[in-house]
Amino acid sequence: MTGLLRQTGMCLRHSRLKSGGVRSGHFGASMSRRTCGSVLLLLLSSVSLAAQSTALATPSHPEVWNWEAVKNRFELNNPTLLAAKLNIDEQKAQEITAHLRPNPTLTISADGTQVTPSRGVWQPFAGTFVSPGVSYLFERRNKRNLRYDAARQGTAISTAQQADSERILLFNLRSAFVGILQAKAILKIAQDNLDYYDKILKVSHDRFQAGDIAQIDLDRLELQRLQYQSDLQTALVNLRTTKINLLAMLDDRRAVDSFDVDGPFDFADDLRTVDDYRKDALDARPDLRAAVLSIQQAQTNYQLAQANGSIDPTVGVWFTHNGSFNNPDALNTIGASVSIPLRIFDQNQGEKLRTKIDIKRNEKLKEGVETQVYSDVDSAYATLASDVELLKPYRRQYLQQAVRVRDTVFFSYQHGGASLLDFLNAESEYRTVELSYANLIGSYLTAAAQLNLAVGREVIP
């Protein structure tokens, strides 16, 4: 690139010499019009490539995600959620195992081999015969279907538990999303306050030049600007931190500045009654559904334990190529047997008792989960209702009053009707009101996400 620039300079110099009537024999011989044209063409191409490289290196407009886009990315990429879904596939694989029939048993036995000589004759394999046989265990009392039912109920429990895990993870995701919206709102407030204060400083400088205010008052105003600069930098750091947390939950390694989120940062005061949310929670909470399914599985396991205490016969048949002692002419014979375990001592008593107790245990756990559901809904509803009651007067009067007081006091200060202390107090009060409102909106949105978590589905968008 440097060489091209040097040659381009030589071309321009040659053009000036030629237009001025100065002849340069050696230079003119070494630098023709065609050569200069080629150099200029190469220079333009290099500049174009450099501009394209700069455009590629410079990040484009950040990609904007709404809540649905964030949730879809979370469901596709979060490793914890994906691992929980694989657990369901494992449970389905256990259903296959539980529904399998017992395998038959193939037995091959050999008999009739001579071990010691008899009467001087020793033919060890002359009388050896091989007898193949097959046996099969017949399960009674519907054991196979009970195992299969218990495995399917286990899959249903795992599905409900996975939904409960997703419910908690989505709350964490929604909290991170709300945190970004809140950080953006506070950043905008900090930037607006700094811009407004800079205008005040400009007016104050003009008044100082005109002799309306003293140097000490101007110094105090300039020192106060440090607070607004600090607020702006703190807001920037908080915004980047919350965006980093969101990317970690999405398992996304992109740059922080390459994306942004967008969504409503406001509140709604049309809440339903707490009883309505309680009813919704009883129908939608996956942990309560898992507790109910655990009771059903415990009952199935008790029936299976009862069935496992029954007798399962094993039937076997075999074939023999050898003479029968009772019938020397029967060379090919078959036999059969039935094996029945005598359950005198082991009748599966321990497992029967354990599964019976397990039913009562799961019933108690279900009652505890139901109580926890009511507690979660009531607590989240109380927080949400409190935030709504606090936000109503802000929307109705506090925000407008803060702006009106600040502008009025500034106008009075500008015309000598208010002191510097009055103006700084009014500016501080406006800043406090704006930040309190933004923090209350963030608290409201977090409480709404908490109520969605307590109910088990989205009841407040």
Side-chain angles (χ1 to χ4, degrees), residues 59 61-62 64 178-244 256-257 259-267 387 390-446:
H61 294 292
V64 180
V178 169
I180 296 178
L181 295 179
Q182 183 177 356
K184 288 177 61 178
I186 293 177
L187 177 61
K188 185 178 184 305
I189 292 173
Q191 186 64 61
D192 292 343
N193 287 340
L194 183 60
D195 294 341
Y196 183 84
Y197 201 78
D198 285 340
K199 295 178 182 178
I200 294 174
L201 285 180
K202 184 178 182 304
V203 173
S204 299
H205 276 284
D206 295 339
R207 292 187 63 195
F208 174 74
Q209 295 295 333
D212 292 340
I213 61 174
Q215 179 70 49
I216 187 63
D217 290 338
L218 182 62
D219 291 342
R220 291 179 65 184
L221 288 171
E222 290 179 343
L223 289 174
Q224 185 65 26
R225 190 178 187 277
L226 291 175
Q227 180 63 51
Y228 295 100
Q229 287 181 316
S230 177
D231 290 345
L232 181 61
Q233 291 301 317
T234 301
L236 285 170
V237 172
N238 289 338
L239 177 59
R240 293 184 66 87
T241 302
T242 52
K243 292 174 74 174
I244 290 171
V256 175
D257 297 328
F259 84 102
D260 196 6
V261 302
D262 185 33
F265 192 71
D266 202 354
F267 77 99
D387 289 336
L390 290 173
L391 283 167
K392 286 180 180 180
Y394 274 89
R395 175 185 286 178
R396 186 172 57 248
Q397 66 183 81
Y398 291 160
L399 294 177
Q400 293 84 354
Q401 286 178 345
V403 174
R404 186 167 59 251
V405 169
R406 182 190 66 171
D407 293 343
T408 301
V409 173
F410 174 64
F411 180 82
S412 299
Y413 168 73
Q414 188 177 5
H415 293 82
S419 66
L420 176 62
L421 182 60
D422 292 335
F423 167 70
L424 293 178
N425 287 337
E427 184 68 23
S428 176
E429 290 170 358
Y430 170 80
R431 172 175 166 272
T432 301
V433 169
E434 288 288 331
L435 288 177
S436 297
Y437 180 71
N439 289 327
L440 274 176
I441 291 291
S443 176
Y444 164 82
L445 293 176
T446 302

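Here salt bridge (Lys or Arg N to Asp or Glu O under 4.0 Å) pairs that include residues 193-212, with residues two or more places apart or in two chains, are Asp198-Arg225, Lys202-Asp206.
Taking the side chain as every heavy atom from C-beta outward, His205 and Glu222 approach each other to under 4.5 Å. When side chains are defined from C-beta on, Ile200 counts as touching Glu427, because their heavy atoms get closer than 4.5 Å. The shortest distance between side-chain heavy atoms of Asn238 and Ile186 does not fall below 4.5 Å. Contact of the Tyr196 side chain with the Phe410 side chain is registered, since non-hydrogen atoms from C-beta on lie closer than 4.5 Å.
Taking all atoms of both residues into account, the shortest heavy-atom contact from Leu239 to Ala183 is CA-CB, 3.7 Å. Taking every heavy atom of both residues into account, Pro62 and Asp260 meet most closely at CB-N, 4.4 Å.
Between the OH atom of Tyr228 and the CG atom of Leu201 there is a distance of 10.0 Å, given to the nearest 0.5 Å. Atoms OG1 and CG, on Thr408 and Asp422 in that order, are 12.5 Å from each other to the nearest 0.5 Å. The CG atom of Asp219 sits 8.0 Å away from atom CZ of Phe208, with the distance rounded to the nearest 0.5 Å. Distance CG/Leu232 to CG/Asp192: 10.5 Å, rounded to 0.5 Å. To the nearest 0.5 Å, atoms CG (Leu181) and CG (Asp266) are separated by 11.5 Å. With rounding to the nearest 0.5 angstrom, the CD1 atom of Ile213 is 8.0 Å from the CG atom of Leu420.
In this structure, the side chain of Lys243 engages the main chain of Phe259 through a donor-acceptor pair within 3.5 Å. Between the side chain of Arg431 and the main chain of Ala190, no donor-acceptor pair closer than 3.5 Å is present. A side-chain donor-acceptor contact under 3.5 Å links Thr432 to the backbone of Ser428. For the pair Ser443 (side chain) and Asn439 (backbone), a donor-acceptor distance under 3.5 Å is absent.
Note on ring orientation: taking the six-membered ring where Trp is involved, the planes of Tyr197 and Phe423 are parallel (angle under 30°, cut-offs 30° and 60°). Taking the six-membered ring where tryptophan is involved, the planes of Tyr394 and Tyr398 are perpendicular, since the angle between them exceeds 60° and thus also 30°.
Atom NZ of Lys392 is surrounded by more than 12 heavy atoms from other residues, nucleotides or ligands within 6.0 Å.
Taking the centre and axis of the six-membered ring of Phe267, the NZ or CZ atom of Arg395 falls inside the cone set by 45° and 6.0 Å. Taking the centre and axis of the six-membered ring of Phe265, the NZ or CZ atom of Lys184 falls outside the cone set by 45° and 6.0 Å.
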Exercise for review: Applying side-chain hydrogen bond (donor to acceptor under 3.5 Å, both in side chains), run through Asn425 and Glu429 and close with a yes or a no.
Suggested key: CA-CA 6 Å; Asn425 287 337; Glu429 290 170 358; over 6 Å; no

Check your understanding: Does the side-chain hydrogen bond (donor to acceptor under 3.5 Å, both in side chains) test come out yes or no for Asp231 and Thr234, once each step is laid out?
Key -> CA-CA 5 Å; Asp231 290 345; Thr234 301; 5.6 Å; no

Exercise for review: Show your working on side chain to side chain contact (heavy atoms under 4.5 Å, CB included) between Tyr444 and Leu391 and close with a plain yes or no.
Suggested key: CA-CA 9 Å; Tyr444 164 82; Leu391 283 167; 3.8 Å; yes

